[in-house]
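First comes the structure, then the notes that go with it.
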Amino acid sequence: MKKINSHERGQILVLLALVLIGLLGFTALAVDGGMIYADRRYMQSAGDAASLAGAGAVANAVQSANLTSANFKCNDMGSGITAGYSVAIDKAATNDFTIAQNSDLGTNNNDNGVNITCNEEGKFIDVFVMLTRNTTTSFVHLFTGNPMRNTITSITRVKPGINAGDGSAIVSLSKDCHANADGIWISGTNETFLLNGGLWSNSCIERNGNAEIDITNGSVDYFHDSYVTGITNPIPSPQMDYHPLTYIELEPAVKDACDQLTDSYDDLQLLHLSGTETEKVINPGRYGDWDFNVPVKLKAGLYCISGTVSMNSDGYIFGEPQPGGNGDGVTIFYTGTSLTINGGAQTNLAAPNGYDYPDAPPSGAFEDILLYIPPGVEAVVKINGNSENFIAGTLYMPSSAVTINGTSDATAKDDQTLRTKMETSIIGYSVKINGTSYLDIKYNADRDRGMTSYLQIQK
């Protein structure tokens, strides 16, 4: 039998005490950690609510002042920023946090308050909220000697309203560039004239062969990780962010309006005229395929098409209004896979223009939206212009491959009377400008679909 020395008696009690202290410590840490985490989550929710509320007040002021990215000035935002401070402070108070305006927020231990800053160059306003408070603990403070402090930040960015093209006549939303596939490609033997608007690509821009492009009062913008070749005037400008329409859909209400249409027609096949007819007249509504090569007049309104569209070269379309704007017109909502418009000599296809928000065109078409192919619909779109064509309004096709061809009868650079004319912004996944002659694309902000101000959570 092992002999137990007297000096070894009671060791188990010491070990048990140490183990219990350790277990109690771990339990206290778990409880304290849960309290700290729960308190931080609540603080983050309160900070986000205050930041969003303040940004909402600023956005309302931006909207009331009719400010867009084109005319945005920080000097015009004084009362809006004041309202943003007031609303953010009140919202924080409803969640038991006291904050005040703090222009040094985030520096020199300034970790509680709200700061609203306006960036005129970047065209945005940030509402920055920081919340800090002590969390009551059961154990941790015994070792640190100080209370546990939680600090959270929340930043909401207010972007002013934009026009769909955001000042650009041609926009590619593709983030990748593959040879002759994505981005913006300018090729052929034509010469394209961009007036009052330029190019914007989320990836590359390339000019190939003998094609020429003349840009007046516009810029060449591309995402900084990509490239531009063949264009040196104006000097291409790398951008740190993608085009605004990369993040938001232009006008989802167009699809909702199509779903509510009650007038539905069979496939439209108009291959010839009969008797004394000089043109076919069709009504707004829901259609399957379109296939015709005779003159067609589209009555003002919304046309929702789900099949293949082929408008052949020896036919043409009359839309409303006439060049100059200020009248009702047409909006085409398309969910098929192939849409081709071969314009004839008198093509006039235009969206409604001249109806100020919240007024809407009486026909049910959408202000300044000519063609709308929703995100996710990967259509192949070809628009082949001809002499004296006029096409006006936003062409929104964010997932579609788009080709624009100029095939006018103009044979001299100075002959502007017979060029294909477009007053539009062309927004596609990829955009190719091709053809054998002269093409005028004039960016007209008044013909480009406007969007209200919107919010982005930054942090």
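For reference, positions follow the sequence shown, starting with 1.
- Crowding of Asn109 atom CG: a count of heavy atoms from other residues, nucleotides or ligands under 6.0 Å not exceeding 12.
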Trace of the side-chain hydrogen bond (donor to acceptor under 3.5 Å, both in side chains) decision for Ser425 with Asp448: CA-CA 6 Å; Ser425 60; Asp448 195 15; 2.6 Å; yes
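- We find the CG-CD1 distance between Asn434 and Ile404 to be 10.5 Å, quoted to the nearest 0.5 Å.
- Taking each heavy atom of Gly376 and Ser399 in turn, the nearest pair found is N-OG, 2.8 Å.
- Salt bridge annotation for Asp111-Arg149: present, with a cationic side-chain nitrogen under 4.0 angstrom from a carboxylate oxygen.
- For residues 364-373, the set of pairs meeting the salt bridge (charged side-chain N to carboxylate O under 4.0 Å, His left out) definition, not counting sequence neighbours, is empty.
- Here Asn208 contributes atom CG and Thr229 contributes atom OG1; the two are 6.0 Å apart, rounded to the nearest 0.5 Å.
- Summarising the geometry of Gly113 relative to Ile99, their closest heavy-atom pair is CA-CB, 3.8 Å, with the distance given to 0.1 Å.
- Sequence neighbours left out, the pairs with a member in residues 120-131 that pass salt bridge (charged side-chain N to carboxylate O under 4.0 Å, His left out) are Lys73-Glu120, Asp126-Arg157.
- Between the side chains of Asn196 and Asn217, at least one donor N or O lies within less than 3.5 Å of an accepting N or O.
- Counting all heavy atoms, side chain and backbone alike, Pro284 lies closest to Leu302 at CB-O, 3.3 Å.
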Gln101/Ser103 under side-chain hydrogen bond (donor to acceptor under 3.5 Å, both in side chains): CA gap, chis, key distance, verdict: CA-CA 7 Å; Gln101 181 177 339; Ser103 59; over 6 Å; no
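- Side-chain N or O atoms of Thr192 include none that pairs as donor or acceptor with a backbone N or O of Asp440 at under 3.5 Å.
- Looking only at distances, a side-chain donor or acceptor of Asn353 sits under 3.5 Å from a matching main-chain atom of Asn326.
- Under the disulfide bond (SG atoms under 2.5 Å apart) criterion, the residue pairs touching residues 38-74 are Cys74-Cys118, with sequence neighbours excluded.
- Side chains of Asn115 and Asn102: a donor-acceptor N/O pair is absent below 3.5 angstrom, by distance only.
- Listed by first then second residue, pairs satisfying salt bridge (charged side-chain N to carboxylate O under 4.0 Å, His left out) with a partner in residues 248-262 read Glu251-Arg449, Lys255-Asp259, not counting sequence neighbours.
- Taking the ring centroids of Tyr372 and Tyr334, they lie at or beyond the 6.0 Å cut-off.
- Using a distance-only test at 3.5 Å, with no hydrogens or angles considered, a donor-acceptor pair links the side chain of Thr331 to the main chain of Ile369.
- Within the structure, the salt bridge (charged side-chain N to carboxylate O under 4.0 Å, His left out) test picks out no pair touching residues 195-205 (sequence neighbours left out).
- Here OG1 of Thr246 is found 8.0 Å from CH2 of Trp200. Values are rounded to the nearest 0.5 Å.
- Side-chain atoms of Asn348 come within 3.5 Å of backbone atoms of Gly319 as a donor-acceptor pair (strictly under, hydrogens ignored).
- Rounded to the nearest 0.5 angstrom, Ile81 CD1 and Ile125 CD1 are separated by 5.0 Å.
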Worked verdict on Asp328 versus Ser363 for side-chain hydrogen bond (donor to acceptor under 3.5 Å, both in side chains): CA-CA 7 Å; Asp328 211 342; Ser363 66; 3.0 Å; yes
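- Rounding to the nearest 0.5 angstrom, the gap separating the NZ atom in Lys159 from the CZ atom in Phe72 is 9.0 Å.
- Side-chain atoms of Tyr429 and Glu378 include no donor-acceptor pair closer than 3.5 Å.
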Asp176/Ser174 under side-chain hydrogen bond (donor to acceptor under 3.5 Å, both in side chains): CA gap, chis, key distance, verdict: CA-CA 6 Å; Asp176 299 307; Ser174 164; 5.7 Å; no
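- Checking side-chain atoms of Asn202 against main-chain N and O of His243 turns up a donor-acceptor pair under 3.5 Å.
- For Glu423, the salt bridge (charged side-chain N to carboxylate O under 4.0 Å, His left out) criterion is met by Arg447, not counting sequence neighbours.
- With hydrogens and angles ignored, the 3.5 Å screen pairs a side-chain donor or acceptor of Arg40 with a backbone N or O of Thr151.
- Between the Ser51 side chain and the Thr156 main chain, a donor and an acceptor come within less than 3.5 Å of each other.
- The one candidate from Tyr287, Tyr303, Trp290 that meets the ring-ring contact (aromatic ring centres under 6.0 Å, His included) condition with Tyr265 is Tyr287.
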